[in-house]
Amino acid sequence: MTFDALMLLLAAGGGFLGAAIGGLNAFIFTGLAVLLGNAILMAGGSAGFLNTVAFGPFLGPHVAFVGGVAAVAYAGRKAARVAERAADLAVAPAAVAAMSGAGTADLDRPRDVSVVDLENAGPAPDDAPIVGGKDIGVPLISLEQWDVLLVGVVAGMLGYCVNQVVAAIGWFGTHTDTIAFTVIVMAIATRLLFGRTGLFPKSGSRPDGASGWGRFAPYDEARWIKYHERFVPATMLGAFVGLFAAGITVLLSTAYPDLGATAKTFAFGLSALSLIFLGLGVSFPVTHHITLPAGVAAAAFLPIVHGNHTAAILIGVLGGILGAWLGELFARLWYNQGDTHIDPPAAAIWPATTIILVAAALFS
């Protein structure tokens with residue numbers, strides 16, 4: 001395990017970028033960088049751009065996305081504190097007036113309860129968005145609160161360090177997606193540090209009072225992606241998007257020998273870039289937890305099935321279905337009823353990758 005001081009410094013910039021423009025928007029840029037990196041390899045270039053920009057300290061999800069997730073969780077916690085204190089002041093105006101020596105005529109006069117008064121932070125501009133702890137699409141530069149952005153800086157640097165440590169863990173470091181695993185480790189730490197809901201839904205905390213396994217079921221105010229949360233839609237999405245990703249992986253890796261197994265990231269890049277539509281409010285599927293496992297499965301099994309394209313692609317379909325199932329599982333487990341963002345796709349990608357690579361090793 002080696003820590004590069006320069007890379008750590010650059011990760012500070014990546015974390016700041018993720019906080020400033022929003023974690024979701026940073027990840028969209030990651031998708032664009034992945035596609036550019038693949039194009040460079042197809043043209044006979046090196047993997048330097050892909051490894052340094054797309055998956056490195058600049059736009060790597062373990063740096064930029066993590067920075068955005070941590071920063072918005074911190075901003076959401078601050079906003080919640082402000083709201084609570086403002087509500088406390090509004091609950092008993094007579095008591096407040098009595099303590100301040102105000103007359104009864106003052107009770108109906110609006111009081112200026114600002115972020116500056118309550119949190120010692122700079123005032124937000126009038127058009128600044130009201131931020132919740134899961135609002136990863138909000139560019140936090142708009143809040144004009146520099147402590148929020150510095151949280152992104154620290155998180156980006158920590159994400160770089162955690163990924164380096166995970167990659168050095170012997171067998172596990174080579175049989176999982178270390179970036180996705182790091183994203184989840186950092187997201188769980190963020191929830192424990194800035195969240196209030198805990199990691200898992202609590203029995204009786206839902207509006208319908210459901211307990212046991214029923215407490216994990218999504219409902220209107222607590223769900224990830226409504227239109228592919230049920231079993232059949234999720235399975236179909238996993239199968240056919242997996243088919244798409246596995247097919248691209250197999251055919252590109254065959255047509256461009258210099259690209260090789262890196263072709264497994266091409267469809268992932270498309271999936272990440274496509275989230276621009278989700279950010280614009282279009283009902284668009286989230287698929288990168290499907291395309292990456294499908295690509296990994298197709299690339300890993302292609303030599304095992306002796307170059308049989310059809311067999312490798314069908315195995316990739318299974319990888320896509322696995323990713324789709326795991327994504328919804330972790331959405332119900334960690335995301336839906338939480339108050340910070342624990343990313344369902346990242347939570348799905350690392351165990352799906354491990355399962356696929358273990359299976360490939362067993363069949364080799």
Side-chain angles (χ1 to χ4, degrees), residues 24 27-28 30-31 34 61 65 134 136 175-177 179-181 183-184 187 201 213 216-219 222-250 263-279 282-301 310-338 341-360:
L24 175 63
F27 187 65
I28 291 168
T30 301
V34 168
F65 181 74
K134 295 163 78 173
I136 60 173
H175 286 76
T176 196
D177 187 308
I179 289 178
F181 186 79
V183 168
I184 293 306
W213 289 111
F216 293 100
Y219 57 95
R223 57 172 22 111
W224 178 38
I225 306 293
K226 180 178 180 179
Y227 38 88
H228 55 73
E229 68 185 11
R230 291 179 294 117
F231 179 76
V232 172
T235 302
M236 288 188 66
L237 187 71
F240 287 100
V241 172
L243 176 66
F244 171 85
I248 286 180
T249 299
V250 168
K264 66 190 176 188
T265 65
F266 188 89
F268 168 79
L270 289 175
S271 292
L273 185 60
S274 75
L275 293 177
I276 192 170
F277 298 107
L278 194 69
V282 178
S283 296
F284 208 84
V286 177
T287 59
H288 54 287
H289 61 301
I290 298 171
T291 51
L292 191 54
V296 169
F301 277 88
T310 301
I313 290 170
L314 290 177
I315 293 170
V317 169
L318 297 179
I321 293 172
L322 176 63
W325 288 348
L326 289 175
E328 183 56 33
L329 170 66
F330 285 111
R332 298 181 184 216
L333 187 68
W334 282 335
Y335 175 83
N336 289 353
Q337 298 178 58
H341 185 91
I342 299 182
D343 195 56
I349 287 169
W350 78 262
T353 299
T354 299
I355 291 169
I356 291 164
L357 294 182
V358 168

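The analysis underlying the following values was restricted to heavy atoms, covering all of them including side chains, and did not include hydrogens, waters or symmetry mates.
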Asker: For Ile313, enumerate each residue passing the side-chain contact (heavy atoms from CB on, under 4.5 Å) test, keeping only those at least two apart in sequence or located in another chain.
Answerer: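 So Ile313 forms a side-chain contact (heavy atoms from CB on, under 4.5 Å) with Leu243, Ala246, Val250.
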
Asker: Considering all heavy atoms of both residues, which atom of Pro351 and which atom of Ala348 are nearest to each other, and what is their separation?
Answerer: CD-O, 3.3 Å

Asker: Can you name the ring-ring contact (aromatic ring centres under 6.0 Å, His included) partners of Phe330, sequence neighbours left out?
Answerer: Trp334

Asker: Could you name each residue pair satisfying salt bridge (charged side-chain N to carboxylate O under 4.0 Å, His left out) that touches residues 313-331, not counting sequence neighbours?
Answerer: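 Every salt bridge (charged side-chain N to carboxylate O under 4.0 Å, His left out) pair that includes a residue of residues 313-331, provided the two are not neighbours, is Glu328-Arg332.
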
Asker: I'd like to know whether OH of Tyr227 has more than 12 heavy-atom contacts from other residues, nucleotides or ligands below 6.0 angstrom.
Answerer: yes

Asker: Under the ring-ring contact (aromatic ring centres under 6.0 Å, His included) rule, collect the residues that match up with Phe284, sequence neighbours excluded.
Answerer: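 Phe284 satisfies ring-ring contact (aromatic ring centres under 6.0 Å, His included) with Phe277 only.
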
Asker: Quick one: list whatever passes side-chain hydrogen bond (donor to acceptor under 3.5 Å, both in side chains) with His175, sequence neighbours left out.
Answerer: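 Partners of His175 by the side-chain hydrogen bond (donor to acceptor under 3.5 Å, both in side chains) criterion, ordered by chain and then number, come out as Trp171.
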
Asker: Name all pairs fulfilling the salt bridge (charged side-chain N to carboxylate O under 4.0 Å, His left out) condition that reach into residues 269-279, sequence neighbours left out, sorted by first residue then second.
Answerer: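 Matches after skipping sequence neighbours: none remain.
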
Asker: Atom CZ of Phe240 and atom CD1 of Ile321: how far apart are they, to the nearest 0.5 Å?
Answerer: 9.0 Å

Asker: Find the distance between CG (Leu270) and CD1 (Ile248) and round it off to the nearest 0.5 Å.
Answerer: 5.5 Å

Asker: Taking the side chain as everything from C-beta on, heavy atoms only, tell me whether Phe27 gets closer than 4.5 Å to Leu275.
Answerer: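 Yes - at least one pair of side-chain heavy atoms lies under 4.5 Å apart.
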
Asker: Please name the pair of heavy atoms, one in Ala239 and one in Val317, separated by the smallest distance, quoted to 0.1 Å.
Answerer: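 It is O-CG1, 3.7 Å.
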
Asker: How close do Phe301 and Ala359 get, counting heavy atoms only, and between which atoms?
Answerer: CZ-C, 3.8 Å

Asker: Taking side-chain hydrogen bond (donor to acceptor under 3.5 Å, both in side chains) as the definition, give me every residue that meets it alongside Trp325, ordered by chain and number, with sequence neighbours left out.
Answerer: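 Testing Trp325 for side-chain hydrogen bond (donor to acceptor under 3.5 Å, both in side chains), a comparison that skips the adjacent residues, returns Thr235.
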
Asker: Within the side chain of Asn336, is there an N or O that forms a donor-acceptor pair under 3.5 Å with the backbone of Trp224?
Answerer: yes

Asker: Atom CG of Leu318 and atom CD1 of Ile356: how far apart are they, to the nearest 0.5 Å?
Answerer: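 So the CG of Leu318 and the CD1 of Ile356 are separated by 9.0 Å.
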
Asker: Kindly write out the residues that satisfy salt bridge (Lys or Arg N to Asp or Glu O under 4.0 Å) with Arg223, not counting sequence neighbours, or none if the list is empty.
Answerer: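 Here the qualifying residues are Asp220, Glu229.
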
Asker: Do you know which two heavy atoms are closest between Phe216 and Gln337, and how far apart they sit?
Answerer: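 What the structure gives for the nearest pair is CA-NE2, 4.2 Å.
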
Asker: Above 12 or not: heavy atoms from other molecules or residues under 6.0 Å from CD1 of Ile276?
Answerer: no

Asker: Please collect all side chain to side chain donor-acceptor pair (under 3.5 Å) contacts where either partner lies in residues 348-360, sequence neighbours excluded, each pair once.
Answerer: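 Checked against side chain to side chain donor-acceptor pair (under 3.5 Å) - neighbours excluded - the pairs reaching residues 348-360 are Thr176-Thr354.
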
Asker: Just how far is it from atom OH of Tyr335 to atom CD1 of Ile342, taken to the nearest 0.5 Å?
Answerer: 11.0 Å

Asker: Going by side-chain contact (heavy atoms from CB on, under 4.5 Å), name the residues that satisfy it together with Ala217, two or more places apart in sequence or in a different chain.
Answerer: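 In terms of side-chain contact (heavy atoms from CB on, under 4.5 Å), with neighbours along the sequence ignored, Ala217 is linked to Arg206.
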
Asker: At their closest point, which heavy atom of Ala300 faces which heavy atom of Ala360, and how far apart are they?
Answerer: CB-CB, 4.0 Å

Asker: Using side-chain hydrogen bond (donor to acceptor under 3.5 Å, both in side chains) as the criterion, list what pairs up with Thr265, not counting sequence neighbours.
Answerer: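 So Thr265 forms a side-chain hydrogen bond (donor to acceptor under 3.5 Å, both in side chains) with Asn38.
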
Asker: In a table with atom names and distances, give each donor-acceptor pair under 3.5 Å that connects a side chain of residues 287-299 to protein atoms at least two apart or in another chain.
Answerer:
from, atom 1, to, atom 2, distance (Å)
Thr287, OG1, Ser271, OG, 2.8
Thr291, OG1, Ser271, OG, 3.0
Thr291, OG1, Thr287, O, 3.3

Asker: So do the side chains of Phe181 and Ile184 get within less than 4.5 Å of each other, counting heavy atoms only?
Answerer: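 Phe181 does not reach Ile184 side chain to side chain.
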
Asker: Would you call Phe65 and Ile136 a side-chain contact if the rule is heavy atoms closer than 4.5 Å?
Answerer: yes

Asker: Work out which heavy atom in Pro285 is nearest to a heavy atom in Leu237; give both atom names and the distance.
Answerer: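 Of all heavy-atom pairs spanning Pro285 and Leu237, the closest is CB-CD1, 4.1 Å.
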
